[in-house]
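Right, one structure below, let's go through it.
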Amino acid sequence: MRPAEPPARDGGNPAEPPARDDGNPAAREMMTAASARAQVLAVVRGHWGSSGRPPAEQAVTDLLLVTSELVSNANRHGGGVVAFEATPARDGIRLTVHDRSPHIPTVAFGSGALPVGHDGGGYGWPLIIRLAHEIVIEQCAHGGKSVSVVVPLRARPEPGP
């Protein structure tokens, strides 16, 4: 797993906190959802770029949404991203995010039902549950936790006659 990369300067997610400097070199740079999405797109292009059947656009959009949610959750609730990895899996891309918090979100094992009422939050984990599978959350021996999911990628349909 790679350490978190410096934030992308493309606007990212305005709800994410800015990079902080608390004396800890690892805390000086925070991975943003935007930089994670760029890394994921590079993996998709690298793995499927040479094939004649790239993934369907909707599948890539779903993958990028799950990426944003996982990284945003780690930054907002997990003390920041320590490491992020995107790797090809049998039927899609495996995303793994390691953050600083040992607390495992109970909503991660919910039904995927959207929250009742609208208070502006609580949609992230239901979306992840609906769009990903093989969700594994483990506490790490050296602190924090690791969240791993597989987001399926379907091939783009063959063009019709």
pair Leu95-Val71: side-chain heavy atoms closer than 4.5 Å:
no
For Val149 and Ala132, which heavy atoms make the closest approach, and how far apart are they?
CB-CB, 3.8 Å
Spatial distance of atom CZ (Arg45) from atom NE2 (His47) [nearest 0.5 Å]
15.0 Å
If you define the side chain from C-beta out and look only at heavy atoms, does anything of Met31 sit under 4.5 Å from Val97?
no
Contact list for residues 140-153, test salt bridge (Lys or Arg N to Asp or Glu O under 4.0 Å), sequence neighbours left out:
Asp99-Lys145
Spacing of Leu41 atom CG and Leu64 atom CG [to the nearest 0.5 Å]
4.5 Å
Does the pair Thr96 and Thr87 meet the rule for a side chain to side chain contact (heavy atoms under 4.5 Å, CB included), with working shown?
CA-CA 9 Å; Thr96 305; Thr87 55; 6.0 Å; no
Suppose we screen for side-chain contact (heavy atoms from CB on, under 4.5 Å). Which residues come up paired with Arg154, at least two apart in sequence or across chains?
Gln58, Ala59
Would you check if Trp48 and Val43 make a side-chain contact, meaning some heavy-atom pair closer than 4.5 Å?
no
Summary of salt bridge (Lys or Arg N to Asp or Glu O under 4.0 Å) pairs that have at least one residue in residues 55-75, sequence neighbours excluded:
none
Minimum heavy-atom distance between Pro88 and Ile93, given as atom pair plus value
CA-CD1, 4.0 Å
When the side chains of residues 102-117 are checked against the rest of the protein, which donor-acceptor pairs come out under 3.5 Å, sequence neighbours left out?
residue : atom : partner : partner atom : Å
Ser111  : OG   : Ala113  : N            : 3.1

State which residues pass salt bridge (Lys or Arg N to Asp or Glu O under 4.0 Å) with Glu134; sequence neighbours excluded, sorted by chain then number.
Arg94
Output the distance between atom CG (Asn75) and atom CG (Leu70), rounded to the nearest 0.5 Å.
11.0 Å
